[in-house]
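Reviewing the structure listed below.
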Amino acid sequence: MKRLILFLATPLLLLLLAVGCCDCRKQAKNHKPLVGTNWQLVQLMAHDINAEEDSYTLLFHDNGTASGMGDCNRLTATYSMTTSRDLTLSNIGATRRMCPNHELEAEYFSMLERVTHYEMDGDMMLLLSNGELVAIMQAK
């Protein structure tokens, strides 16, 4: 009797497992690579950011450099990463134009200097500093 119940229940369990994993497949489909994807800031230190189209962006190039925009200043940096998702940005430089929102831009640049690793969640990149979430960026 137990074998019969197990025999009948197995296809049902497999069907539920397949249906339950639909979100997994969607997430994998939306997954963007760190390098070559243009990222835009959507959250900084737990505060939502409504950035204009070309502001607060970051693009990792395959040669170990990164570029992007703050509020109105361009930024460049070098980066290193590992297969365990360690990430450091260094030699961060920026133009020095006076921006309307220079406080937020300064906080953005400062956060980038503190990043120690990252996690990916679909089309979102989570930036962390020693285990603390400091920013969320979305693939554009």
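Computation of the quantities below employed the complete heavy-atom set of this structure, encompassing side-chain atoms and omitting hydrogens, waters and symmetry-equivalent molecules. For this chain, numbers begin at 1 and follow the sequence in order.
- Nearest heavy-atom pair across Arg114 and Ser129 is O-OG, 2.9 Å.
- When the side chains of ILVMFWY residues are joined at heavy-atom separations under 4.5 Å, either directly or via intervening members, Met124 and Leu59 end up in two distinct hydrophobic clusters.
- A donor-acceptor pair shorter than 3.5 Å cannot be found between the side chains of Thr88 and Ser90.
- A heavy-atom distance below 4.5 Å is not found between the side chains of Leu127 and Thr116.
- Annotation: the span from Ser67 atom OG to Leu58 atom CG amounts to 7.5 Å, rounded to 0.5 Å.
- Inter-residue side-chain proximity for Leu44 and Glu107 is flagged as met; some heavy-atom pair is nearer than 4.5 Å.
- No side-chain heavy atom of Trp39 sits under 4.5 Å from any side-chain heavy atom of Thr57.
- Residues Asn91 and Thr78 have side chains that bring a donor and an acceptor to within less than 3.5 angstrom of each other.
- Residues Cys72 and Glu105 come closest through the heavy atom pair N-OE2, 3.2 Å.
- Pairs passing the ring pair (Phe, Tyr, Trp, His ring centres under 6.0 Å) check and including a residue from residues 49-69, sequence neighbours excluded, read Tyr56-Tyr108, Phe60-Tyr79.
- Summarising the geometry of Leu34 relative to Met120, their closest heavy-atom pair is N-CE, 4.2 Å, with the distance given to 0.1 Å.
- The minimum heavy-atom distance between Ala51 and Gln40, with the atom names listed, is CB-NE2, 3.6 Å.
- Between Thr82 and Leu87 the shortest side-chain heavy-atom distance does not fall below 4.5 Å.
- The line from CG of Leu75 to CG of Leu112 is 6.5 Å long, rounded to the nearest 0.5 Å.
- Residues Leu104 and Ile49 share a closest heavy-atom pair of CD1-CD1, 3.9 Å.
- Counting only heavy atoms from C-beta outward, the side chains of Glu53 and Lys140 approach each other to under 4.5 Å.
- If you take OG1 on Thr76 and CD1 on Ile92, they are separated by 9.0 Å, rounding to the nearest 0.5 Å.
- Between Leu128 and Glu119 the shortest side-chain heavy-atom distance falls below 4.5 Å.
- When side chains are defined from C-beta on, Ile136 does not count as touching Gln138, because their heavy atoms never get closer than 4.5 Å.
- Summarising the geometry of Asn73 relative to Arg96, their closest heavy-atom pair is OD1-N, 3.4 Å, with the distance given to 0.1 Å.
- Around atom CG of Asn63, more than 12 heavy atoms belonging to other residues, nucleotides or ligands sit under 6.0 Å away.
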Between Glu113 and Leu89, is a side chain to side chain contact (heavy atoms under 4.5 Å, CB included) present by the stated rule, with each step listed?
CA-CA 6 Å; Glu113 292 176 335; Leu89 290 132; over 6 Å; no
List the steps, then state whether side chain to side chain contact (heavy atoms under 4.5 Å, CB included) holds for Asn130 with Glu132.
CA-CA 6 Å; Asn130 297 316; Glu132 177 187 351; over 6 Å; no
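- Remark: Leu41 CG to His47 NE2 distance equals 12.5 Å, nearest 0.5 Å.
- Residues Asp71 and Pro100 have side chains in contact (heavy-atom distance under 4.5 Å, counting atoms from C-beta outward).
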